[in-house]
Protein chains: 2
Amino acid sequence: MQKYSSSKENYLKAIFHLQKSDGVVTTNDVANELQTRPASVTDMLKKLKAQKLLIYERYKGFKLSQEGRKVALQIIRKHRLWEYFLVEKLEFGWDEVHEIAEELEHISSKKLIDKLDEFLGFPKTDPHGDPIPDSQGKFTLVKQVDLLHLPVGKSGDVSGIGDQSPEMLELLKHKQISLGTRIEVKKVFAFDNSLEIKVRNQNVVTVSEHVAKNVFVKYDE
Amino acid sequence: MQKYSSSKENYLKAIFHLQKSDGVVTTNDVANELQTRPASVTDMLKKLKAQKLLIYERYKGFKLSQEGRKVALQIIRKHRLWEYFLVEKLEFGWDEVHEIAEELEHISSKKLIDKLDEFLGFPKTDPHGDPIPDSQGKFTLVKQVDLLHLPVGKSGDVSGIGDQSPEMLELLKHKQISLGTRIEVKKVFAFDNSLEIKVRNQNVVTVSEHVAKNVFVKYDE
DNA sequence: AAATAAATTTAGACAAATCTAAAACATAAT
DNA sequence: ATTATGTTTTAGATTTGTCTAAATTTATTT
Ligand SMILES: [Mn+2]
Ligand SMILES: [Mn+2]
Ligand SMILES: [Mn+2]
Ligand SMILES: [Mn+2]
């Protein structure tokens with residue numbers, strides 16, 4: 001696998017993520033995600049196509065090629081391994097690692113990342129519950145539901161976070177919710193879909209529908 | 001301390017190192033060190049001057065300003081801490097870490113590097129025996145002499161390496177010489193200043209003058 | 001003191017990544 | 001089917017860092 005510029009890697013990663021959630025990716029989506037201008041995106045799309053990382057016809061939308069997907073997955077692997085390192089070894093909070101990993105993910109040495117993986121004990125997920133692709137780009141999605149779909153009375157363990165903005169992560173931290181935290185849904189208010197949930201089998205707190213939709217849990221059955 | 005481009009950081013670091021050894025730095029020196037062209041160096045010198053990182057008058061030579069020196073020392077701090085991490089935690093050989101650290105040194109987070117420092121136990125020197133500047137850019141030079149100046153019969157512990165090219169490091173590795181290795185000079189051949197030295201109080205090997213001049217040791221008295 | 005050589009700088013060009021403003025295209029509304 | 005709206009692309013600039021070739025300055029010989 002060749003080396004690509006940090007900028008190209010960021011585009012590939014963004015397109016990969018947008019493909020996941022939306023299916024179809026638009027120029028505006030990418031511009032928005034990368035805080036840049038649509039014209040700049042079009043410029044880059046042409047370059048990525050020229051390098052066969054992207055399937056793209058003007059005005060007709062685009063998606064990653066096999067190769068583009070492969071590259072994106074390796075960047076994501078690096079991003080998540082570094083995040084794990086920052087939280088587990090350097091004791092960063094899970095809400096402060098994303099930005100730093102955004103830089104570290106572009107360090108090119110393959111050997112470095114494989115040795116880091118080993119040093120960390122081959123973790124399966126990053127500090128936000130997202131799966132870490134292996135050396136070949138393979139990873140397994142965990143089956144999970146958001147809090148709104150966890151039946152009242154049932155308990156689950158937090159396994160992932162949708163919206164990972166610093167604001168969201170700060171809110172969760174305040175309510176003492178992190179990866180692995182046990183949560184039981186006590187009540188759903190039909191009025192606004194806000195929830196009362198029991199955290200760590202202890203305190204009961206209220207969260208909005210927006211929050212509930214972005215906290216994923218694993219549970220039996 | 002602002003952020004500067006990787007390229008500028010590389011120039012500052014190179015100039016700092018060249019100042020150490022030569023005293024006076026020339027455009028050609030820098031071009032040679034950074035594998036670039038003299039014209040490119042001149043271009044960059046002007047930019048560094050404009051940012052007050054360099055004292056520079058055309059044709060009259062140049063040197064780092066106080067601020068330039070400060071920035072250079074922080075890059076060197078990062079470079080050496082990462083090298084230490086790679087060798088001590090990820091088990092890289094000391095001859096394979098330089099290139100990777102050359103990239104890692106440009107990661108900008110100050111908090112990251114201070115936490116890394118703590119995680120590593122505040123090491124004083126990198127895997128090549130070079131001192132690691134602290135958060136304020138301070139560091140202490142160890143008193144050391146090269147092998148040619150170690151009296152015959154005396155023993156010393158390897159504390160630093162001058163020429164750190166991969167070729168040199170590979171040679172030392174082969175002869176089982178690394179940081180901390182005890183060495184005793186058995187004989188100096190007047191003909192070519194080659195040495196016979198006893199390594200680790202065990203095997204006796206021969207090294208050339210060139211090698212001897214680039215291996216530094218600490219010894220009593 | 002000239003002449004020659006070497007080092008340094010300038011002039012002009014180029015690639016990568018970005019931008020603004022305008023044009024082209026696609027979609028939705030009337 | 002026209003018109004209006006929004007999206008995407010082009011045209012033309014700009015910034016950063018680099019290069020080659022030529023000009024300038026400094027250093028070294030004769
Ligand atoms: Mn990034
Ligand atoms: Mn993450
Ligand atoms: Mn570097
Ligand atoms: Mn070193």
Side-chain angles (χ1 to χ4, degrees), chain A residues 2-15 18-19 21-64 68 71-72 75 102-103 105-108, chain B residues 2-15 18-19 21-64 68 71-72 75 102-103 105-108:
Chain A
Q2 305 176 225
K3 227 238 144 169
Y4 301 99
S5 70
S6 292
S7 192
K8 285 197 177 120
E9 291 184 346
N10 285 338
Y11 273 92
L12 293 173
K13 190 158 64 88
I15 296 169
L18 292 166
Q19 268 182 203
S21 48
D22 287 18
V24 141
V25 192
T26 72
T27 303
N28 269 344
D29 283 345
V30 177
N32 188 57
E33 176 85 4
L34 293 180
Q35 300 277 67
T36 185
R37 297 296 174 170
S40 309
V41 175
T42 302
D43 288 343
M44 186 59 89
L45 295 180
K46 289 188 216 161
K47 291 173 199 162
L48 294 175
K49 181 188 179 180
Q51 276 172 109
K52 299 191 192 299
L53 296 166
L54 197 70
I55 319 275
Y56 167 65
E57 292 300 328
R58 78 197 188 305
Y59 290 112
K60 299 239 176 122
F62 49 90
K63 63 178 179 186
L64 295 180
V71 175
I75 310 302
E102 205 56 48
E103 287 185 54
E105 70 190 0
H106 304 293
I107 303 292
S108 58
Chain B
Q2 305 176 227
K3 226 239 145 170
Y4 301 99
S5 70
S6 292
S7 191
K8 282 192 179 125
E9 291 184 345
N10 285 337
Y11 273 92
L12 292 173
K13 191 158 63 87
I15 296 168
L18 290 167
Q19 269 182 202
S21 48
D22 287 19
V24 142
V25 192
T26 71
T27 303
N28 269 343
D29 283 345
V30 177
N32 187 58
E33 176 84 5
L34 293 179
Q35 299 277 67
T36 184
R37 294 298 173 170
S40 309
V41 175
T42 302
D43 288 341
M44 186 57 89
L45 295 179
K46 289 189 216 163
K47 290 172 197 160
L48 294 175
K49 181 188 180 179
Q51 276 173 108
K52 297 189 193 299
L53 296 167
L54 197 69
I55 318 273
Y56 166 65
E57 293 300 329
R58 76 198 190 305
Y59 291 111
K60 300 241 176 121
F62 50 89
K63 63 177 180 189
L64 294 180
V71 175
I75 310 302
E102 204 57 48
E103 287 185 54
E105 70 189 359
H106 304 293
I107 303 293
S108 58

Q) Among residues 5-12 of chain B, which contact DNA chain D at a heavy-atom distance under 4.0 Å? A) Ser5(B), Ser7(B), Lys8(B), Tyr11(B)

Q: Look at the side-chain N and O atoms of Ser40(A) and state whether any lies under 4.0 Å from the OP1 or OP2 oxygen of dC19(C).
A: yes

(Q) One thing to verify: whether Glu33(B) and Lys13(B) come together as a salt bridge, which I'm taking to mean a side-chain N less than 4.0 angstrom from a carboxylate O. (A) no

**Q.** Touch class at under 4.0 angstrom, heavy-atom based, for Thr27(B) against every strand present
**A.** sugar-phosphate

Q) Taking all atoms of both residues into account, what is the closest heavy-atom pair of Asn28(B) and Pro38(B), and its distance? A) OD1-CG, 3.4 Å

**Q.** Separation of atom NZ in Lys49(B) from atom P in dT9(C), rounded to whole Å
**A.** 11 Å

Q: Could you list where the contact with chain A starts and ends along DNA chain D, reading 5' to 3', using a 4.0 Å heavy-atom cut-off?
A: dT7(D) to dT10(D)

Q.
From CG of Leu45(B) over to C1' of dT10(C), roughly how many Å is that when rounded to an integer?
A. 14 Å

Q: Return the value, rounded to whole Å, for the distance between atom CZ of Arg37(A) and atom P of dC19(C).
A: 7 Å

(Q) As an exercise, state the distance from CZ of Phe62(B) to OG1 of Thr27(B), rounded to the nearest 0.5 Å. (A) 4.5 Å

Q: To the nearest 0.5 Å, tell me how far Lys8(A) NZ sits from Leu48(A) CG.
A: 6.5 Å

Q: Flag the pair Tyr11(B) / Ser40(B) as yes when at least one side-chain heavy-atom distance between them is below 4.5 Å, and no otherwise.
A: yes

Q. To the nearest Å, how far apart are Leu48(A) CG and dT18(C) P?
A. 11 Å

Q) Side chains of Asp29(A) and Thr26(A): do they bring a donor and an acceptor to under 3.5 Å? A) yes

**Q.** Members of residues 51-63 of chain B that approach DNA chain C, where some heavy atom sits under 4.0 Å away
**A.** Tyr56(B), Arg58(B), Tyr59(B)

Q: State whether Lys46(B) places a side-chain N or O below 4.0 Å from either non-bridging phosphate oxygen (OP1 or OP2) of dT10(C).
A: yes

